[in-house]
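Shown next, in structure tokens, is the structure this report addresses.
Note that these values count all heavy atoms, side chains included, but never hydrogens, waters or copies made by symmetry. Here is the naming used below: chain letters follow the sequence lines, and residue numbers restart at 1 for every chain.
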There are 2 protein chains.
Amino acid sequence: MSMLNTAGVPRSLREAGMKCSNCPARDSAVCADCDSDELRALEKIRSFQKFAPAQEIIAAQEPIRFVGNIVSGVVKLTRLMADGRRQIIGLRFKGDLIGRSASELADHDANAVTEVMLCKFRRKEFHSLLERYPNVMQRNLDMTLSELDDAHEWLVVLGQKTAREKVATFLCLLADRIGENHGRNARSFDIPITRDEVADYLGLTIETVSRQISRMKASGLIRLEGTRHVHVPDLAALLDASAGDAEGGVFP
Amino acid sequence: MSMLNTAGVPRSLREAGMKCSNCPARDSAVCADCDSDELRALEKIRSFQKFAPAQEIIAAQEPIRFVGNIVSGVVKLTRLMADGRRQIIGLRFKGDLIGRSASELADHDANAVTEVMLCKFRRKEFHSLLERYPNVMQRNLDMTLSELDDAHEWLVVLGQKTAREKVATFLCLLADRIGENHGRNARSFDIPITRDEVADYLGLTIETVSRQISRMKASGLIRLEGTRHVHVPDLAALLDASAGDAEGGVFP
DNA sequence: CGAAGCATTGACAGTTGTCAAAGATAGTGG
DNA sequence: CCACTATCTTTGACAACTGTCAATGCTTCG
């Protein structure tokens, strides 16, 4: 049994026959602000699909058939260079939107990382629905702006931060999005992707990622169970120690 | 007289008393698809402002009073880290939109690079106008998606490309946006920003940028007049030579 | 139990950053 | 109009961080 399989069809959705009112992503998805009228319109063009880990959701350069809200699970978005170098341009979590209604073709791949439950809307219908429901379009625009903010933030990470800071930033991102709270600043979570993928996300090599994680472990900033499960005793300390070039252990 | 002052109030706008129909950015701005009804609504909340080179247009962490279309000139968007490291997260050109109607506060600085003419819309009015004119909101959404694509593209540049490829990519970007056409693949243009700013855009140091430019000059991939004006005889060759790690001159 | 894939660690190399100095360029004021 | 100064750019020498190559260890799965 995989530790990462946190994304099975949520019980609440199964029991309720996939009613929006019980959807785990209800508060953060594109339908967050919808009134009952808008919700009915969305339900008409909606369907659910489950994706297995590593399964392709959307392929770059191919037609987009749907946009989809993530109900549960983690998705990675990847861009590939002609010579094979790859950059993960984002991870997407519960509530995030995959695909876009305005484009015929996808410009990057989207793959399930964990098991993923997706609430899909047929693309063209969704697009024309936006014109009739300005609130939904506004919500769509807000979510896109939020994606843009994330991308800008990541430009700083890739352009300015050291390897150590990059890894620390990555762990904090996960702590925010999928971490369990163990007190004010303590979090624990599974790293949903391989070291290889972390490297492609951070613009580093797999070896550098591995070394940085080992260093953080050695200095007590994080604890590991297996290679995937992380416990961060103090998020702030993790970021600080990575910014200042702290050497040696935590204790004087 | 500065070579860079390509952004004075365009004659067409002055003579026409700033009519939208004569606006140089008419085809690419947020008003691109507007009918006369929408255009009138926009004109009511519109005003023009000229910014001098280096002048601040929008300040991070401060209230946004307007969104603005660039009529002419170049704008840089900057994010600052607590310790002073900076990342230029984008350059904006004629037709691009600055600011966003959905946010109270700016999350990055916007500064004029050349002289800039901006067509401003008061933020709140613009925002409420979007609800009444879905076409305008759709256009706003499309432009935001396009910004997102650019940001994703730049993530690949920062995360995967070598110093040389980064500089080549940067020059090609300028060639696309502000280059004069001198035949199929030949372009010439002014680099609107300093080496320092180029470095902050590419996640490099000023010295590395300078060296890469010198190398390109030495191998005949570019020609320089002064430090700012560039002539690229062959855009494709510039990118190729940077991808393959070509050494030495152009001739065998 | 063996094989395959993933992760860690080590030794070394190379690209890029840092520090330093000299050369250009542009703007200012006499 | 020219000299002066501040800023920007280039170039060099060297250091350091990160990448490359290689070997070992760990985990999973058949």
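Across all strands shown, A/Ser210 has heavy atoms under 4.0 Å from base atoms, whether or not it also approaches the sugar-phosphate. Residue A/Ser214 is in sugar-phosphate contact alone, with no base atom involved, counting any heavy-atom pair closer than 4.0 Å across all strands shown.
Between A/Trp154 and A/Tyr201, the ring planes are parallel. Angles under 30° get that label, and only those over 60° would be called perpendicular.
Atom-to-atom, NZ of A/Lys217 to P of C/dA7 comes out at 13 Å; the value is rounded to the nearest Å. Atom C1' of nucleotide D/dC8 and atom CZ of B/Arg228 are separated by 9 Å, given to the nearest angstrom. Atom-to-atom, CG of B/Asp200 to P of C/dG17 comes out at 11 Å; the value is rounded to the nearest Å. Atom CG in B/Leu202 sits about 16 Å away from atom C1' in C/dT15, given to the nearest Å. Following rounding to the nearest Å, A/Arg85 (CZ) and D/dG19 (P) show an atom-to-atom distance of 13 Å. Per the geometry, CD1 belonging to B/Ile191 stands 15 Å off C1' belonging to C/dT25, to the nearest Å. Atom CD in A/Gln212 sits roughly 13 Å away from atom C1' in D/dA16 (whole-Å rounding). B/Ile213 has its CD1 atom 9 Å from the P atom of D/dT9, to the nearest Å.
Judged by distance alone with a 3.5 Å cut-off, a donor-acceptor contact links the side chain of A/Arg211 to the base of C/dG10. A donor and an acceptor atom sit less than 3.5 Å apart, one in the side chain of A/Glu207 and one in the base of D/dC21.
When the side-chain nitrogen and oxygen atoms of A/Thr208 are compared with OP1 and OP2 of D/dG19, one or more of them lie within a distance under 4.0 Å.
With salt bridges taken as basic N to acidic carboxylate O contacts below 4.0 Å, one links B/Arg100 and A/Asp149. The residues A/Arg85 and A/Asp200 are annotated as not salt-bridged, no charged nitrogen and carboxylate oxygen being separated by less than 4.0 angstrom. Taking the charged nitrogens against the carboxylate oxygens, A/Lys76 and A/Glu197 do have a contact shorter than 4.0 Å, which makes a salt bridge.
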Fill in: side-chain hydrogen bond (donor to acceptor under 3.5 Å, both in side chains) between B/Thr162 and B/Glu165, intermediate numbers included
CA-CA 5 Å; B/Thr162 65; B/Glu165 290 173 305; 3.2 Å; yes
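Residues B/Thr194 and A/Gly226 each lie close to DNA chain D; by heavy-atom proximity, the contact nearer the 5' end of the strand is made by B/Thr194. Closest-nucleotide positions on DNA chain D for A/Ala163 and A/Thr227 were compared, and the one nearer the 5' end corresponds to A/Ala163.
Nearest nucleotide to the B/Ile206 side chain, out of C/dT8, D/dT10, D/dG19: D/dT10.
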